[in-house]
Engineer: 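Structure below; questions to follow.
No experiment lies behind these values; they were computed from the predicted model shown.
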Amino acid sequence: MPTQTTLTQQFATEYAKGAVPGMLRAIRTIKRANNLILVGALAASYLHQAHYLATLGAGMFAWIVPAVFDLAMLSMLTIAHTAGMAADAKRAAMKILAVVVVISAAVNFAAPGPLGLRIIFALVVGLVAGVEWVAAKIRPDFAAIEAREVAVITEVNPNRKLDPEVAKARAAKAAATRRAKQEAAEAAAKAAEDAARARAARAAERAKAKADREALGQAELDRFLRAGRVSLDEPVGAHRAS
């Protein structure tokens, strides 16, 4: 005899069907909004700094220097939040980012105007870093999704009983699997980095050996030329003496 499906179960089924597309749409919307915020903040900071430097007599450099700092900020943020990037590269990028943000905020704050306006323009620079930092962390919480799925199934399907400890164990197992995959990816990235360093070391050794051989050959050539000049100079000197 077919099981009667309740309205709650039908709603839960339809809700589950739209949950993933809805989440993906939300992530895309948030990332587009973050990109717009980033563009607006960079434009405001760039134009404000360029106008201020122009009033100081910087000429065309008033428009070049702020662009260099803003692009450096964007580049360091990209390095810092790119998955699989080497840890030392991320640390170096964060250090450079801190220096660039401080300098850019200082220039924005140093521009003439009311104190409140100067503070706002200085905070705009921090907004650029903050928005990119948040954008790097936008991702689904799969453990929470799985736990919620188990809870919904238990609530709407009375024929399917699932012990809370079992649900917790399943969520923990899924989290452990994700951690293992992440650790494997990090290990692979580290192995690739070590291999690249080894290749670079071997290339450096080959280049040094080649340079040493060239230097040795040049030294032999110099000695040969000096010996030739000495042998040519001796008859000339003897002829003059006679």
Side-chain angles (χ1 to χ4, degrees), residues 11-49 66-87 89-105 108-109 116-117 119-153 155-156 167-168 170-186 188-189:
F11 177 80
T13 301
E14 294 300 321
Y15 178 80
K17 288 180 181 178
V20 173
M23 187 181 301
L24 293 176
R25 284 195 300 271
I27 291 175
R28 286 193 293 266
T29 301
I30 292 169
K31 288 192 174 183
R32 282 196 295 267
N34 281 350
N35 288 335
L36 291 175
I37 293 171
L38 179 64
V39 171
L42 284 175
S45 173
Y46 169 72
L47 294 174
H48 187 245
Q49 293 182 70
V68 171
F69 276 93
D70 287 347
L71 290 175
M73 192 185 310
L74 188 59
S75 176
M76 296 304 104
L77 284 168
T78 303
I79 294 172
H81 71 65
T82 299
M85 193 68 68
K90 289 187 176 184
R91 287 193 296 268
M94 291 303 296
K95 292 177 182 178
I96 299 298
L97 175 64
V99 174
V100 174
V101 168
V102 169
I103 294 175
S104 185
N108 276 289
F109 185 78
L117 186 63
I119 292 176
I120 289 174
F121 274 103
L123 292 177
V124 164
V125 181
L127 181 63
V128 173
V131 165
E132 279 296 299
W133 180 71
V134 172
K137 296 184 176 297
I138 296 176
R139 62 184 181 275
D141 187 348
F142 295 104
I145 294 172
E146 185 173 359
R148 180 55 184 161
E149 180 184 5
V150 172
V152 169
I153 291 174
E155 290 170 2
V156 304
K168 186 184 298 184
R170 290 184 179 180
K173 182 179 178 181
T177 302
R178 286 190 296 275
R179 284 196 300 270
K181 290 182 178 179
Q182 182 178 0
E183 290 173 357
E186 291 176 353

Engineer: Any side-chain heavy atom of Val124 sitting closer than 4.5 Å to one from Asn108?
Structural biologist: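 With C-beta onward as the side chain, the pair stays apart.
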Engineer: Side-chain contact, heavy-atom cut-off 4.5 Å: Ser45 with Ser104?
Structural biologist: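 Yes, their side chains come closer than 4.5 Å.
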Engineer: Evaluate Ile30 against Asn34 for side-chain contact (heavy atoms from CB on, under 4.5 Å), listing each step before the verdict.
Structural biologist: CA-CA 6 Å; Ile30 292 169; Asn34 281 350; 3.9 Å; yes
Engineer: I need the Gln182 CD to Thr177 OG1 distance, nearest 0.5 Å.
Structural biologist: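 Taking CD in Gln182 and OG1 in Thr177, the distance rounds to 13.0 Å.
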Engineer: Hey, does the side chain of Thr78 reach the backbone of Leu74 with a donor-acceptor pair shorter than 3.5 angstrom?
Structural biologist: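 Checking the backbone N and O of Leu74 against the side chain of Thr78, a donor-acceptor pair under 3.5 Å is found.
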Engineer: Taking Leu71's backbone N and O only, do any of them form a donor-acceptor pair with Ser75's side chain (distance below 3.5 Å, no angle check)?
Structural biologist: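 No; zero donor-acceptor contacts below 3.5 Å.
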Engineer: Who pairs with Tyr46 by ring-ring contact (aromatic ring centres under 6.0 Å, His included), at least two apart in sequence or on another chain?
Structural biologist: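 In terms of ring-ring contact (aromatic ring centres under 6.0 Å, His included), with neighbours along the sequence ignored, Tyr46 is linked to no residue.
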Engineer: Tell me, please, which residues at least two apart from Leu36 pass side chain to side chain contact (heavy atoms under 4.5 Å, CB included).
Structural biologist: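 Checked Leu36 against side chain to side chain contact (heavy atoms under 4.5 Å, CB included); zero matches.
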Engineer: Can you name the nearest heavy-atom pair linking Val100 to Phe69, along with the distance?
Structural biologist: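 That closest heavy-atom pairing would be CG1-O, 3.3 Å.
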Engineer: Do you know which two heavy atoms are closest between Ala122 and Phe109, and how far apart they sit?
Structural biologist: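 Closest approach of Ala122 to Phe109, heavy atoms only: CB-CB, 4.1 Å.
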Engineer: On a heavy-atom basis, which atom in Ala41 and which in Leu127 lie closest, and how many Å separate them?
Structural biologist: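 Of all heavy-atom pairs spanning Ala41 and Leu127, the closest is CB-CD2, 4.4 Å.
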Engineer: Which donor-acceptor pairs under 3.5 Å do side chains of residues 90-98 form with protein atoms, sequence neighbours excluded?
Structural biologist:
from	atom 1	to	atom 2	distance (Å)
Lys90	NZ	Thr82	O	3.4

Engineer: So which atom in Asp70 and which in Leu42 form the shortest heavy-atom distance, rounded to 0.1 Å?
Structural biologist: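 Minimum heavy-atom separation between Asp70 and Leu42: OD2-O, 3.5 Å.
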